[in-house]
Every structure is written in C-alpha cells, then in structure tokens.
Student: 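First the structure, which I've put down as structure tokens, then a few questions once you've had a look.
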There are 2 protein chains.
Amino acid sequence: MGKTDAFLEHADAIERGLLDIGRAAKASGVSVKMVRHYEAIGLLKKVARTYANYRVYTMNDVHTLQFIKRARTLGFAVKDIRALLALWQNKSRSSAAVKKVAGAHLEELERKIAEMQSMVAALQHLTHNCQGDQRPDCPILEDLAGARKPGA
Amino acid sequence: MGKTDAFLEHADAIERGLLDIGRAAKASGVSVKMVRHYEAIGLLKKVARTYANYRVYTMNDVHTLQFIKRARTLGFAVKDIRALLALWQNKSRSSAAVKKVAGAHLEELERKIAEMQSMVAALQHLTHNCQGDQRPDCPILEDLAGARKPGA
DNA sequence: TTCAAGTCTGCCACCATTGGAGGGTCAAGT
DNA sequence: ACTTGACCCTCCAATGGTGGCAGACTTGAA
C-alpha cells in the first residue's frame with residue numbers, strides 16, 4: 001500500500017508512462033484549457049493527482065480525449081458526445097442507438113447549411129448587382145432598408 | 001412649451017402615430033427583448049420616453065429596426081450591422097464600402113458552409129456503413145475511437 | 001539559488017438571445 | 001373606486017465552447 005502511494009510523484013508518474021495535462025493535451029489535440037473544462041463538466045471522469053495536485057492522465061484518458069476531439073471535429077455538441085461516450089463504453093449497445101445520434105446531428109448540420117446557403121444566395125444576388133464603386137447607389141443597402149423592387 | 005411637454009403621455013403618443021415597444025417590436029419583427037438590447041449596445045439610438053418611462057418609437061426607429069432585422073436574417077453580425085447602419089445613414093458613402101462588408105460576410109458564410117459540408121460528408125460515409133441494428137458493431141464509434149482502417 | 005516553463009484555481013469576455021424576478025402602468029370591466 | 005390582465009420597466013443569469021488573464025505554487029535544469 002505504502003509503495004503504491006509513492007506512485008503519485010510527478011517524475012515517477014511520467015516515468016511510468018502516465019502524462020501530465022500538457023502532454024495529454026498534446027497527445028490528444030485538445031487544449032489544456034479544454035481538458036480541464038471537459039473534466040469540470042463531467043465529460044471526462046476526474047483523474048488522479050500527484051501530491052502537488054497536478055492532474056495525471058493514463059493512455060486510456062488520452063484515448064477518451066481523442067474521441068472527444070474527433071467528435072467535436074465532426075461538429076457534435078457536448079451533450080451528444082456525452083451520449084456517444086456512454087454508448088462507446090457500453091459494450092451491449094446497439095449500433096442503431098449510435099446511428100440515431102449521428103443521424104440527428106446530420107440533419108441539424110444539413111438544416112444549418114441550407115439556411116446559410118439561402119443567405120449566400122441572397123447576398124450573391126445583391127452584391128452582383130452592386131457596382132462597388134465610388135458612387136453611393138447600393139442595392140445591398142436598399143434591400144436592407146426594405147426597398148422591395150419599386151417596379152413590383 | 002407646456003403643451004409640448006404634455007406630448008409624452010402614452011395615449012397621446014400612440015394617437016400621434018408613435019409606437020410603444022410592443023408595437024415597434026411587432027412592426028419590425030424584432031422581439032421586445034432584442035429591441036431593448038439593441039438600444040443597450042448602441043445599435044439603435046436612445047429613444048424618447050413617456051412620463052411613465054415607457055419607450056416611444058417613431059416610424060424612423062421602426063425602419064431602423066427592420067434594417068437590423070433584415071441584416072440579421074442575412075447572417076450579418078452585430079458589428080457588421082453597426083457598420084452598415086453607419087453607411088446607410090451616410091449619404092456620401094461609396095457602394096464599394098458596403099460591398100466590402102457584404103463580401104467579407106459572404107466569404108465567411110462560404111467558409112462555414114464548406115466546413116460543415118466536410119462534416120456532413122464524413123458523417124454520411126460513417127452512417128452509410130453502419131447497420132443501425134441491435135448489434136453493437138458500429139463504424140461510427142470505431143471512427144471516433146480512432147480506429148483508422150485496420151487494413152491500411 | 002534562480003529562472004523559465006508548467007500547473008493550479010477562479011473569474012471575465014465573447015456572441016446573440018432568452019428567461020425570470022420583482023416591480024410599476026395602463027385600460028378595461030365591475 | 002377597485003380588480004384584473006396585459007403591458008412595460010430594470011437588473012441579473014444562463015446558454016455553448018473557447019480563450020485569456022491573474023496570482024500562487026511546482027518542477028527541473030542551469
């Protein structure tokens with residue numbers, strides 16, 4: 001027992017293949033700030049500490065951080081990631097449950113894309129008709145000001 | 001003098017074509033909350049008040065709110081709208097200045113769309129390969145967990 | 001011993017919007 | 001007059017994900 005306590009020295013931990021927060025961050029691609037944040041919001045379980053109160057990460061923790069990082073890169077919200085992590089750790093999950101989360105996110109992404117595309121279409125139309133010169137006449141401002149085609 | 005002071009009674013104001021915040025909100029499509037907010041951040045100049053401290057809006061104010069609403073609908077950030085409003089009110093502006101703001105926003109939108117589209121592509125690939133049945137085997141989780149095609 | 005780099009906690013800022021609490025006001029109806 | 005309900009007021013908090021800073025401590029190496 002005493003010997004396992006001595007384990008929690010920073011240098012010993014590193015020697016044994018454990019990582020401090022900086023190394024865990026680098027290894028996972030998550031910023032140090034966000035590593036702490038994910039722990040604070042319970043996405044990552046509370047990790048061990050050295051005697052000096054430094055966080056100590058296992059390769060397993062790093063793996064989880066990589067999982068989170070990849071999910072964020074795919075645009076999953078933290079609440080989705082929470083669900084995905086639970087499914088990941090649950091060996092008797094159904095792939096249907098995972099697909100449902102991914103599918104909902106996919107729909108949300110497509111909705112947002114469509115929304116932005118309609119903005120782009122409107123803006124392109126306006127900027128196309130705008131001379132972009134010294135003169136003040138500007139269809140963009142006219143549209144914003146509510147000037148709906150005077151001819152109509 | 002005394003007569004003009006009497007102007008700031010709620011009923012009088014309405015009678016004279018002015019609007020209280022609720023009517024201004026409805027007329028512009030901006031929520032009451034946000035009308036106050038836009039004033040607080042200086043997007044809309046401070047409006048007059050009745051003796052009871054109710055805000056009083058002119059049709060001109062409503063027009064500005066409509067401008068803001070339309071710009072938000074097109075995805076412009078508040079700081080952009082601030083610039084656009086200034087250009088709108090400056091009769092000697094150049095259309096080039098307006099076009100520059102719109103163009104930058106357009107590029108930003110297109111950048112975000114591309115980013116999300118790459119997320120969609122990745123997710124579609126994963127969900128396409130996921131059975132979505134009772135079994136636990138799931139390419140989506142495998143990807144998140146970092147399983148980069150074992151064969152490679 | 002000293003110094004830089006790393007870590008700790010905690011708080012603030014961003015962006016746009018919504019919600020609530022706790023109170024005042026207005027215009028009806030009784 | 002009095003009540004009621006729909007307004008309005010101000011102030012504060014929270015959202016989500018991240019960055020930044022301050023003040024204090026630890027580490028490891030020169």
Side-chain angles (χ1 to χ4, degrees), chain A residues 8-15 18-44 46-57 65 68-83 105 108 112 115-116 119, chain B residues 8-15 18-44 46-57 65 68-82 105 108-109 112 115-116 119:
Chain A
L8 286 175
E9 290 288 343
H10 187 249
D12 287 355
I14 301 299
E15 211 169 319
L18 298 176
L19 297 82
D20 59 30
I21 198 171
R23 289 174 229 251
K26 247 178 208 163
S28 62
V30 176
S31 73
V32 168
K33 267 291 201 192
M34 292 311 295
V35 173
R36 292 198 194 101
H37 181 64
Y38 291 148
E39 179 179 337
I41 65 175
L43 209 51
L44 192 66
K46 283 186 186 174
V47 297
R49 302 284 186 125
T50 66
Y51 288 130
N53 204 32
Y54 281 25
R55 290 175 178 81
V56 175
Y57 296 86
L65 285 170
I68 295 170
K69 173 69 178 177
R70 172 72 178 145
R72 289 290 302 134
T73 299
L74 289 175
F76 283 101
V78 165
K79 78 178 225 326
D80 289 337
I81 300 177
R82 208 181 290 273
H105 176 46
E108 182 66 8
K112 285 182 186 171
E115 189 181 355
M116 287 199 266
M119 292 177 186
Chain B
L8 285 175
E9 289 289 341
H10 186 249
D12 288 353
I14 300 299
E15 212 169 317
L18 298 176
L19 297 82
D20 58 30
I21 197 171
R23 287 173 232 250
K26 246 179 208 163
S28 62
V30 177
S31 74
V32 169
K33 275 284 199 192
M34 292 310 295
V35 173
R36 292 198 195 100
H37 181 63
Y38 291 147
E39 178 180 336
I41 65 175
L43 209 50
L44 192 67
K46 285 186 184 172
V47 297
R49 303 285 186 125
T50 66
Y51 288 131
N53 205 31
Y54 281 25
R55 290 176 179 80
V56 175
Y57 296 86
L65 284 170
I68 295 171
K69 172 70 178 177
R70 173 72 177 143
R72 289 291 303 134
T73 299
L74 289 175
F76 283 100
V78 166
K79 77 177 221 331
D80 288 338
I81 299 177
R82 207 180 292 272
H105 176 45
E108 182 65 9
L109 280 174
K112 286 183 184 169
E115 189 181 355
M116 287 199 265
M119 292 177 187

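Order of the sequence lines sets the chain letters (A, B, ...), proteins ahead of strands, with each chain counted from 1. If you're wondering where the values come from, they're calculated on a predicted model, not measured in any experiment.
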Student: Specify the separation, in whole Å, of atom OH of B/Tyr57 and atom P of D/dC7.
Tutor: 16 Å
Student: Round to the nearest Å and state the distance from B/Lys46 atom NZ to D/dC9 atom P.
Tutor: 14 Å
Student: Answer yes or no: side-chain N or O of A/Lys26 and base N or O of C/dG6 forming a donor-acceptor pair under 3.5 Å.
Tutor: no
Student: To the nearest Å, how far apart are B/Asp12 CG and C/dT25 P?
Tutor: 17 Å
Student: Want to settle it: does A/Met34 or B/Asn53 sit nearer the 5' end of DNA chain D, counting the closest nucleotide to each?
Tutor: B/Asn53
Student: Round to the nearest Å and state the distance from B/His10 atom NE2 to D/dC9 atom C1'.
Tutor: 12 Å
Student: If you look at every strand shown and take non-hydrogen atoms under 4.0 Å, does B/Thr50 touch a base, only sugar-phosphate, or nothing?
Tutor: nothing
Student: Is A/Arg55 near enough to C/dT7 that one of its side-chain N or O atoms lies under 4.0 angstrom from OP1 or OP2?
Tutor: no
Student: Between A/Ser31 and D/dG19, is there a side-chain N or O to OP1/OP2 distance below 4.0 Å?
Tutor: yes
Student: For the residue pair B/His10 / B/Asp20, report whether a side-chain donor-acceptor contact shorter than 3.5 Å exists.
Tutor: yes
Student: Contact class for B/Arg36 vs. all strands (heavy atom < 4.0 Å): base, sugar-phosphate, or nothing?
Tutor: base
Student: Which one, C/dT25, C/dC8, D/dT18, comes nearest to the side chain of A/Arg72?
Tutor: D/dT18
Student: State whether B/Tyr38 places a side-chain N or O below 4.0 Å from either non-bridging phosphate oxygen (OP1 or OP2) of C/dT17.
Tutor: yes
Student: From CD1 of A/Ile21 over to C1' of C/dT9, roughly how many Å is that when rounded to an integer?
Tutor: 12 Å
Student: Measuring from atom CZ of A/Arg23 to atom CG of A/Leu18, what distance do you get when rounded to the nearest 0.5 angstrom?
Tutor: 11.0 Å
Student: So how far is it from A/Met34 CE to A/Leu44 CG, rounded to the nearest 0.5 Å?
Tutor: 11.5 Å
Student: Could you check whether the side chain of A/Lys79 and the base of D/dG16 have a donor-acceptor pair of N or O atoms closer than 3.5 Å, going by distance alone?
Tutor: no
Student: Of all heavy-atom pairs between A/Met119 and B/Thr73, which one has the smallest distance, and what is that distance?
Tutor: CE-O, 3.5 Å
Student: Just how far, in rounded Å, is P of C/dA16 from NZ of B/Lys69?
Tutor: 14 Å
Student: Let's see if you can work this out: which of D/dT26, C/dG20, D/dG19 has an atom nearest to the side-chain heavy atoms of A/Lys33?
Tutor: D/dG19
Student: Is A/Arg49 near enough to C/dT9 that one of its side-chain N or O atoms lies under 4.0 angstrom from OP1 or OP2?
Tutor: yes
Student: Of the options D/dG19, C/dT7, D/dG17, whose atoms approach the side-chain atoms of A/Val78 most closely?
Tutor: D/dG17
Student: If you look at every heavy atom in A/Ser28 and A/Leu65, which pair is closest and at what distance?
Tutor: CB-CB, 3.5 Å
Student: Taking the minimum atom-to-atom distance to the side chain of B/Ala52, which one of C/dT25, C/dG20, D/dT27 wins?
Tutor: C/dT25
Student: Could you say whether A/Ile41 or B/Val32 is positioned toward the 5' end of DNA chain D, judged by the nucleotide with the nearest heavy atom to each?
Tutor: B/Val32
Student: Do B/Glu39 and B/Val47 come within less than 4.5 Å of each other through their side chains, counting heavy atoms only?
Tutor: yes
Student: Rounded to whole angstrom units, what separation is found between the CD1 atom of B/Ile14 and the P atom of C/dA27?
Tutor: 9 Å
Student: Measure the distance from NE2 on B/His37 to C1' on D/dC12 and round it to the nearest whole Å.
Tutor: 14 Å
